[in-house]
Amino acid sequence: MSTEPEVSFTNKIDQEIKIEPKDWMPEQYRKMLIRQISQHAHSEIVGMLPEGNWITRAPSLKRKATLIAKVQDEAGHGLYLYSAAETLGISRQEMLDQLHSGKAKYSSIFNYPTLTWADIGAIGWLVDGAAIMNQVPLCRSSFGPYARAMVRICKEESFHQRQGFEILLTLSRGSDAQRAMAQDALNRWWWPSVMMFGPKDDESPNTLQSMRWKIKRFSNDELRQKFIDVCAEQVKFLNLELPDEHLKWNEETRHYDFGPINWTEFWQVVNGNGPCNKQRLDARRKAHDDGQWVRDAAAAYADKKRQQQSQAAA
Ligand code: FAQ
């Protein structure tokens, strides 16, 4: 027999009414959301690192300004998401401890290096493109604060995607060396982007329950296929190639067929053994330690204000 709060929760999910932080919710629903939203927040923050690497080397003032704005947007996304997770009863400090201790996951994609300027184009087009494909449905997620955060995040991600595509378009219409650089970036970023959607459905332990609770609206494989279908068409405008000899339109399924995904590589990266995992975590820990004086100063200022207010009230 379900209790009254359980019935009310289920009714809300069925009727597409958002669950809000003060509403009763099953403990597993709360845990599922904290897991996903905190991993998502970490991904945004760690995701600043591969691109931050190119701010000083962007090829023009305009490119530099746009890249700085993009990296700042990612910081903002991390902040909305940490705030959304905090409404579920976990503190910012706990989440950061989990990241810095290596216990928390974040997106596999950010453990690959950015070797040339074309990588910034490839990240914008492919990584932000994958992020949008995955996150537009999250705007309809059943948990109110997550869904609302995603609306603004998706608007910004689509700007990022367009600027990435435009970088690649410019390179693809440039000199032979620039074209080769753009193709090389696609060769390295394509498969890791395809992996971003997570394990295939029959190896995804969280999807079924997450979809029942309407946190996720589509499975990993459904979103991956949509992404591949879109990219296979867009790449034609770049006059470049996606590095998959099996990529082929299938008239029967009305989708693109694609080649095998290297799941061994995916799990290696997720489990901490990707090309840049150590470098990324070291950089995050250092940034956190270097920022200690800012947190101390903010806390001291807040204390002083409180004292002044209580003296004034006395
Ligand atoms: N990397 O059962 P599932 C961005 C883990 S933001 C690492 O299928 P779920 C913006 C998964 O956590 C990119 N781990 O899990 C940007 C689970 O582990 P756990 C991040 C992964 O949650 C752009 C286990 O495998 N986006 O790019 C990955 O139902 C440019 C089993 O997997 C989000 O976080 C992976 N790729 O589905 C920033 C979106 N995939 O926790 C800068 C929100 C799976 O059980 C520059 N998240 N795992 O130990 C989601 O939609 C979902 O969490 C999925 C995974 C789809 C990522």
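Counting from 1, the numbers follow the sequence of the chain as shown. In each ligand, atom 1 is the first atom listed, and ligand 1 is the first ligand listed.
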J.: Taking both backbone and side-chain atoms of Asn134, is any N or O found less than 3.5 Å from an N or O belonging to ligand 1?
T.: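 N/O-N/O distance below 3.5 Å exists for this pair.
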
J.: Using distance alone, decide if ligand 1 has a nitrogen or oxygen within less than 3.5 Å of any nitrogen or oxygen in Asn220.
T.: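 The answer is yes, given that Asn220 and ligand 1 share an N or O pair closer than 3.5 Å.
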
J.: Are Tyr112 and Trp190 close enough that their ring centers fall under 6.0 Å?
T.: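 No: the rings miss the under 6.0 Å criterion.
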
J.: Could you go step by step and tell me if Arg140 and Glu16 meet the salt bridge (charged side-chain N to carboxylate O under 4.0 Å, His left out) rule?
T.: CA-CA 9 Å; Arg140 293 190 292 121; Glu16 301 283 337; 5.3 Å; no

J.: For ligand 1, which atoms sit closer than 4.0 Å to a heavy atom of Trp267?
T.: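 In order of number, 25 (O).
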
J.: Just so I know, are the side chains of Lys214 and Phe143 near enough to count as touching, which here means a heavy-atom distance under 4.5 Å?
T.: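 No - every pair of side-chain heavy atoms lies 4.5 Å or more apart.
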
J.: Relative to the heavy atoms of Ser108, which atoms of ligand 1 are at a distance of less than 4.0 Å?
T.: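 The atoms of ligand 1 under 4.0 Å from a heavy atom of Ser108 are 1 (N), 7 (C), 35 (C), 36 (N).
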
J.: Just to be sure I read this right, does ligand 1 sit under 4.0 Å from the backbone of Tyr106, its side chain, both, or neither, counting only heavy atoms?
T.: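 Contact part for Tyr106 vs ligand 1: backbone (N, CA, C, O).
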
J.: Can you check which of Arg217, Glu44, Lys105, Glu203 brings a heavy atom nearest to atom 19 (P) of ligand 1?
T.: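 Considering heavy atoms of Arg217, Glu44, Lys105, Glu203, the nearest to atom 19 (P) of ligand 1 sits in Lys105.
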
J.: Quick check on atom 50 (C) of ligand 1 - does any protein heavy atom sit closer than 4.0 Å to it?
T.: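 Within 4.0 Å: yes, protein heavy atom nearby.
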
J.: With Lys70, which of Glu51, Glu156, Glu44 fulfils salt bridge (charged side-chain N to carboxylate O under 4.0 Å, His left out)?
T.: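 Testing Lys70 for a salt bridge (charged side-chain N to carboxylate O under 4.0 Å, His left out) against Glu51, Glu156, Glu44 leaves exactly one candidate, Glu51.
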
J.: In plain terms, say whether Glu166 and Arg63 are close enough for a salt bridge, that is, a side-chain N and a carboxylate O under 4.0 Å apart.
T.: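 The answer is yes: the pair qualifies as a salt bridge.
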
J.: Where on Lys216 is there a heavy atom closer than 4.0 Å to ligand 1, on the side chain, on the backbone, on both, or on neither?
T.: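 Side chain only; the backbone of Lys216 stays clear of ligand 1.
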
J.: Quick one: does ligand 1 sit under 4.0 Å from the side chain of Tyr146, the backbone, both or neither, non-hydrogen atoms only?
T.: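 The side chain, only.
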
J.: Would you mind listing which atoms of ligand 1 come within a distance below 4.0 Å of any non-hydrogen atom of Gln135?
T.: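 Atoms satisfying the 4.0 Å criterion: 6 (S), 26 (N).
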
J.: When you measure from atom 22 (O) of ligand 1 to every protein heavy atom, which one gives the shortest distance, and what is it?
T.: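 Sorting protein heavy atoms by distance from atom 22 (O) of ligand 1 puts Arg35 NH2, 2.9 Å first.
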
J.: Numbering the atoms of ligand 1 from 1, which are under 4.0 Å from a heavy atom of Gly198?
T.: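 Every atom of ligand 1 under 4.0 Å from some heavy atom of Gly198: 40 (N), 44 (C).
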
J.: Atom 44 (C) of ligand 1: which of Pro192, Ser38, Pro199, Ser107 has the nearest heavy atom?
T.: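 The option holding the nearest heavy atom is Pro199.
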
J.: Within the 4.0 Å heavy-atom shell around Lys70, which atoms of ligand 1 are there?
T.: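 It comes down to these atoms of ligand 1: 30 (C), 46 (C).
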
J.: Under a 4.0 angstrom heavy-atom cut-off, which atoms of ligand 1 come close to Phe197?
T.: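 Those qualifying, in numeric order: 56 (C).
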
J.: Regarding atom 30 (C) of ligand 1: of the candidates Asp73, Ile37, Asp128, which has the closest heavy atom?
T.: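 When every heavy atom of Asp73, Ile37, Asp128 is considered, Asp128 comes closest to atom 30 (C) of ligand 1.
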
J.: Which of the atoms of ligand 1 are close to Glu74, meaning less than 4.0 Å from one of its heavy atoms?
T.: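 Every atom of ligand 1 under 4.0 Å from some heavy atom of Glu74: 16 (C), 30 (C), 38 (C), 42 (C), 46 (C).
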
J.: Considering the heavy atoms of Glu157, write down every atom of ligand 1 situated less than 4.0 Å from one of them.
T.: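 In order of number, 10 (C).
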
J.: Less than 4.0 angstrom from a charged side-chain N to a carboxylate O is my criterion; do Lys286 and Asp289 meet it?
T.: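 Result for this pair is no, no salt bridge flagged.
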
J.: Does only the side chain of Val270 get under 4.0 Å from ligand 1, or the backbone, or both, or neither? Count heavy atoms.
T.: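 For Val270, the contact with ligand 1 is made by the side chain alone.
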
J.: Any heavy atom of His77 closer to ligand 1 than 4.0 angstrom?
T.: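 In this structure, His77 fails to qualify as a contact of ligand 1 - no heavy atom is under 4.0 Å.
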
J.: Going by heavy-atom distance to atom 57 (C) of ligand 1, choose the closest among Met196, Glu51, Gln39.
T.: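 Nearest heavy atom to atom 57 (C) of ligand 1 lies in Met196.
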
J.: Hey, do the aromatic rings of Phe9 and Tyr29 have their centres closer than 6.0 Å?
T.: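 Yes; Tyr29 has its ring centre under 6.0 Å from that of Phe9.
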
J.: Of the backbone atoms (N, CA, C, O) and the side-chain heavy atoms from C-beta on, which set of Ser204 has a member under 4.0 Å from an atom of ligand 1: side chain, backbone, both, or neither?
T.: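 For Ser204, the contact with ligand 1 is made by both the backbone and the side chain.
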
